[in-house]
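Here the structure comes first, spelled out in structure tokens, and everything after it is commentary.
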Amino acid sequence: MGERLRIPFVVDVLRVRTPEEVLALADAAVLDRRFAPHLPLVNRLIQARMDWTMGSGSSALPSALPRDHPGRGAAQAELTARLEPAKRPWDDASLDALAEAIRGRPKRTLGELVQEAVGRLFEPQYRATPATWRAALALDAGLRSNNPLTRFTQKLTRTVPHARRTLAWAVGGDLAGVHATGIAVHTMLGAVERLADALRDRELAARLSTRAVLGRALTAPDIVVRTATMPAETPAGPVAAGTLVMLETAAATELSADPRVAFLSESWSACPAHATVPAMLAEIWWRATGERVELAPTAARAEP
Ligand code: HEM
């Protein structure tokens, strides 16, 4: 069962962290990225914070769009197809630079190198700079900050809109590219840091197979947020219209090492990079160590 905190008119949140419940709720028909008009106060504040960072309506990043938003599923399917590992959609030079970096010879910060590798999935000439990396940090801070004073300062200085413009410019205006280089990049960085840790810990790397090293590098967003659109019984407990459901994907991935949990790859919101990311990590490891592993294709379902 999930953990529900409910105070009428103030807050209604259900936290879910077991892999089984995350998988079940990721695909539950009563949960969406759509939000009911009358939300309890805290739910409304969380929603406002997400809207401010990820946009709403026509400016929304794809990761903020409701399930049946016109064109969302088609764009998701198109990106998934474009990123198929068999097409080797990545840029070799940026993976080489990452391999050098995890071997302890970074030419630039790891964050910038990861951002460049991700950016080049969208724009072959993408060049990560201190400014694009600061923009990614600003989006991350915008999503995480609970401190009203920080939020006030962010609003006053318009850090987030400025960051979104910087990131959009670098990927030719592609909103999936903004999501990738501003938000997903932090999860990807976590995975690359785990590869670097494994390589630094020679004893561990020698004990583990390449497949196990790559499995341990699997990371996920800390939380994926959904809202219940109507009252229902779910495998994690009952929800009311407007209950915020927090799928703790990072914790559930730690417990399961299951890519279906990390990328929600069997749900309507499957990450379009669910196969590319493990393939890129395997490429980086191979370039750093000479050890190759063939990855089994991961399941995905996207709705055109
Ligand atoms: C370790 C790396 C990554 C993980 C674990 C991950 C995981 C996820 C998850 C769980 C979602 C669903 C979020 C939600 O429903 O609210 C998602 C959505 C998405 N991801 Fe990723 N992601 C990663 C990297 C990437 C990269 C590198 C890209 C782009 C190249 C990408 C593009 C997207 C997009 C565009 C969506 C929104 C899909 C839609 O609903 O239309 N992700 N990702």
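Start at 1 and go down the list; that is how both ligands and their atoms are numbered. Side chains are part of it too, since the values below use all heavy atoms of this structure and drop only hydrogens, waters and symmetry mates. Count residues from 1 along the sequence.
Atom NE2 of His179 and atom OG of Ser63 lie 4.5 Å apart (nearest 0.5 Å).
For the residue pair Thr132/Gln115, the side-chain donor-acceptor check at 3.5 Å is satisfied. Side chains of Ser269 and Arg226: a donor-acceptor N/O pair is present below 3.5 angstrom, by distance only. There is a side-chain donor-acceptor pair under 3.5 Å between Thr243 and Asp12. Of the N and O atoms on the side chains of Gln47 and Asn43, not one donor lies less than 3.5 Å from an acceptor on the other residue.
Other residues sharing a hydrophobic cluster with Leu156 under the 4.5 Å side-chain heavy-atom criterion for ILVMFWY residues are Phe152.
Taking every heavy atom of Leu121 and a limit of under 4.0 angstrom, the matching atoms of ligand 1 come to 30 (C). The atoms of ligand 1 that sit less than 4.0 Å from any heavy atom of Leu264 are 10 (C). Proximity to Ala220 (heavy-atom distance under 4.0 Å) selects the following atoms of ligand 1: 5 (C). Of all atoms in ligand 1, numbered sequentially from 1 with element shown, those under 4.0 Å from a heavy atom of Phe122 are 29 (C), 30 (C).
Other residues, nucleotides and ligands contribute more than 12 heavy atoms inside 6.0 Å of the CD atom of Glu123.
Remark: ligand 1 and Trp268 share no N or O pair separated by less than 3.5 Å (distance only, no angle test). For ligand 1, the polar-atom distance check against Thr219 finds no nitrogen or oxygen pair separated by under 3.5 Å.
Nearest to atom 15 (O) of ligand 1 among the protein's heavy atoms is Arg226 NH2, 2.6 Å. What sits closest to atom 7 (C) of ligand 1 on the protein, heavy atoms only, is Ala262 O, 3.5 Å. Among protein heavy atoms, atom 14 (C) of ligand 1 sits closest to Arg33 NH2, 3.2 Å.
Taking each heavy atom of Leu121 and Pro89 in turn, the nearest pair found is CD2-O, 3.6 Å.
Counting only residues at least two apart or in different chains, salt bridge (charged side-chain N to carboxylate O under 4.0 Å, His left out) contacts with residues 174-190 are absent. The salt bridge (charged side-chain N to carboxylate O under 4.0 Å, His left out) analysis of residues 92-103, with sequence neighbours excluded, yields the pairs Asp92-Arg287, Asp96-Arg287, Glu100-Arg103, Glu100-Arg105.
When the heavy atoms of Met188, Met54, Met50, Arg72 are ranked by distance to atom 39 (C) of ligand 1, first place goes to Arg72.
A salt bridge links Arg120 to Glu116: one of the charged nitrogens lies within less than 4.0 Å of a carboxylate oxygen. Ion pairing between a basic and an acidic side chain is recognised when a charged N comes within 4.0 Å of a carboxylate O; Arg200 and Asp197 show such pairing.
Here Ser269 has heavy atoms under 4.0 Å from ligand 1 in both its backbone and its side chain. Residue contacts with ligand 1 for Leu83 involve side-chain atoms from C-beta outward but no N, CA, C or O (heavy atoms, distance under 4.0 Å).
Not a single heavy atom of Met280 sits under 4.0 Å from any atom of ligand 1.
Within the sub-2.8 Å shell of atom 21 (Fe) of ligand 1, the protein contributes these N/O/S atoms: Cys271 SG.
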